[in-house]
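Note sheet for the following structure.
By convention in this document, chain letters (A, B, ...) are assigned in the order of the sequence lines, proteins followed by strands, and residues within each chain are numbered from 1. Atoms considered below: every heavy atom in the structure, side chains included; atoms not considered: hydrogens, waters and symmetry mates.
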There are 2 protein chains.
Amino acid sequence: MLKKEITAQELFNELCKSGLYNEVGEIKFELAGVSVKISTTDTVGITLQSWLKQYLIEKNYVFEEPVNTQEFPDFYLGLSKPTEKMLEVKSFNYSATPAFDIANFESYCVSIVTKPYRLNADYLIFGYTMNSDGNINIRKIWLHKIWEIAGVSERFAVKTQVKRGMIYNLRPNSEFKRNVPGPFKDKDQFLYALYITLIDYKGSEFAENWKDRLKHNYKDYFNSSLPF
Amino acid sequence: MLKKEITAQELFNELCKSGLYNEVGEIKFELAGVSVKISTTDTVGITLQSWLKQYLIEKNYVFEEPVNTQEFPDFYLGLSKPTEKMLEVKSFNYSATPAFDIANFESYCVSIVTKPYRLNADYLIFGYTMNSDGNINIRKIWLHKIWEIAGVSERFAVKTQVKRGMIYNLRPNSEFKRNVPGPFKDKDQFLYALYITLIDYKGSEFAENWKDRLKHNYKDYFNSSLPF
């Protein structure tokens, strides 16, 4: 059967129309006669990602994964042209404030210097609830670019997870959950916030060096100059 | 029905005798008519922990969990006397070298200063395999103290996960998988290796301060002096 091409936007529209919001899912594990319905939310994210992969397979859509599946992105919707059609899948408990890891902060900063096209990746986000019986409901889904889900915090120009003074991960804003625009209106505002955060966190020399290297690759890829 | 007390050793013996090694488990998720057998190993650890919890419930054993289930330990086998009967559950792919996170390095160092009894916690470790169909087999289980599973590395006196020069987690030795003793013969040798690692990583002042504070609580709890 001929595989079909699908864009992130088409996939998103299809999922929205599919009646997904009325369905109940559950994660089950049985071993040695002891059956468990997994009722902790820890595994929901990775499970929804596996579910989406199976969905793409059963619908016969063209997609690929990175050779190392731990790497960015979760899926390429198309035949591996690594600068296009990158899809990241994120999930969060819809009863709470979105608090998933968008990406490791330092890895992300380093990677967009040489791969600025990663700024174009689409983020498909599942907001789910799980009741005490382990029943999972998809309450809402979103499709966004990274600057639409990134946020600011009191401490840094981008919202991050900080432990003992060390920045671990980029964390999302809370506005997108209510369909309200976040603090960044485009990728450049987001990049500028990363730059300011790097000055604060790694010092000016590091940040300037990062910006100089980004500038070069940015121009090659986006056919315009980095505006700061 | 009266709940039964069980020690980590008794639980371990019971699991060994239960024929667990011949059983096949699978993790399934169904949503909107798309069923997935989860065949990535990411969720196996947390699933086995859920399974063990259900096992304890069905067998009517006394146990408790910390109020915040993300915290140490995974279980108290007994009614919460937080200095005793701490059980941590770890899992790794038996086809590979053990590479689970024993604990966050800095959190662990900080926590044993005020809670040296955490050194007494038991670690129940599942070695599993998963085939390409997502069938999970428990291949071996172990019960160990932290110094029996901790290791050394070329870079530091304890084996750790290091990314861009930063220590993230304590990682296990590879010997325990073959039932060969690891590099530390007791808790004090392990503590000394933490101390040396702290000197290397955080500097002497930090390490001496850590040792001084540990010394005090160590004596109170173990009724002996810290031997370094």
Side-chain angles (χ1 to χ4, degrees), chain A residues 14-15 17-59 65 69-70 74 104-107 109-110 126 128 134-138 141 163-168 202, chain B residues 14-15 17-59 65 69-70 74 104-107 109-110 126 128 134-138 141 163-168 202:
Chain A
E14 186 177 286
L15 288 171
K17 278 185 224 150
S18 71
L20 201 61
Y21 301 153
N22 302 316
E23 304 278 348
V24 176
E26 49 183 43
I27 307 172
K28 277 191 172 167
F29 177 66
E30 189 178 322
L31 180 72
V34 175
S35 177
V36 202
K37 194 152 144 189
I38 307 295
S39 61
T40 59
T41 53
D42 318 81
T43 67
V44 177
I46 186 76
T47 299
L48 286 172
Q49 189 181 318
S50 290
W51 177 87
L52 187 70
K53 179 178 169 178
Q54 191 61 29
Y55 181 92
L56 295 171
I57 293 169
E58 294 193 6
K59 295 278 180 178
E65 292 174 287
T69 57
Q70 303 293 309
D74 294 322
N104 176 282
F105 170 71
E106 291 198 48
S107 303
C109 290
V110 167
F126 291 91
Y128 64 86
N135 290 332
I136 298 165
N137 266 270
I138 307 299
I141 59 177
K163 285 189 211 168
R164 266 180 297 283
M166 285 195 327
I167 296 184
Y168 283 75
K202 306 283 280 186
Chain B
E14 185 176 288
L15 288 172
K17 279 186 221 148
S18 70
L20 201 61
Y21 301 154
N22 303 316
E23 305 278 349
V24 177
E26 50 183 41
I27 307 171
K28 277 190 173 168
F29 177 65
E30 188 177 322
L31 181 71
V34 176
S35 177
V36 202
K37 195 152 143 190
I38 307 294
S39 60
T40 60
T41 53
D42 318 82
T43 67
V44 177
I46 186 77
T47 299
L48 286 171
Q49 189 182 318
S50 290
W51 177 87
L52 186 70
K53 178 178 169 179
Q54 190 62 29
Y55 181 92
L56 294 170
I57 292 169
E58 294 193 5
K59 295 278 179 180
E65 292 174 287
T69 56
Q70 302 295 307
D74 294 323
N104 176 283
F105 170 72
E106 290 197 48
S107 303
C109 290
V110 167
F126 290 92
Y128 65 85
N135 290 330
I136 299 166
N137 266 269
I138 307 299
I141 60 177
K163 284 188 211 170
R164 265 181 297 283
M166 283 194 329
I167 296 185
Y168 283 74
K202 307 283 280 186

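Proximity to chain B (any heavy atom under 4.5 Å) is restricted, for Glu58(A), to the side chain, taken from C-beta onward. For Glu106(B), the parts sitting under 4.5 Å from any heavy atom of chain A are the backbone and the side chain alike. Both the backbone and the side chain of Ser107(A) come within contact range of chain B, each with at least one heavy atom under 4.5 Å from a heavy atom of that chain.
In this structure, the side chains of Val36(A) and Tyr55(B) stay at 4.5 Å or more apart for every pair of heavy atoms.
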Open item on the list: Go through it in stages, so that I can follow the logic: the residues are Ile138(B) and Leu31(A), the test is side chain to side chain contact (heavy atoms under 4.5 Å, CB included), and I'd like the CA-CA distance, side-chain angles, deciding distance and then a yes or no.
Closed with: CA-CA 9 Å; Ile138(B) 307 299; Leu31(A) 180 72; 3.7 Å; yes
Open item on the list: Please determine whether side chain to side chain contact (heavy atoms under 4.5 Å, CB included) holds for the pair Thr47(A) and Ile38(B), giving the CA-CA distance in whole Å, both sets of side-chain angles, and the decisive distance to 0.1 Å.
Closed with: CA-CA 7 Å; Thr47(A) 299; Ile38(B) 307 294; 3.8 Å; yes
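Residue Tyr168(A) holds its OH atom at 9.5 Å from NZ of Lys163(B), rounded to the nearest 0.5 Å. Distance OG1/Thr43(A) to CD/Gln49(B): 11.5 Å, rounded to 0.5 Å.
For the set Ile136(B), Ile46(B), Leu48(B), the count of heavy-atom pairs under 4.5 angstrom toward chain A peaks at Ile46(B).
Scanning for salt bridge (Lys or Arg N to Asp or Glu O under 4.0 Å) contacts around Glu26(A) gives Lys28(A), Lys37(A), with sequence neighbours left out.
Residue Trp51(B) comes nearest to Ala32(A) through the heavy atom pair CZ2-CB, 4.2 Å, listed as atom of the first residue, atom of the second, then distance.
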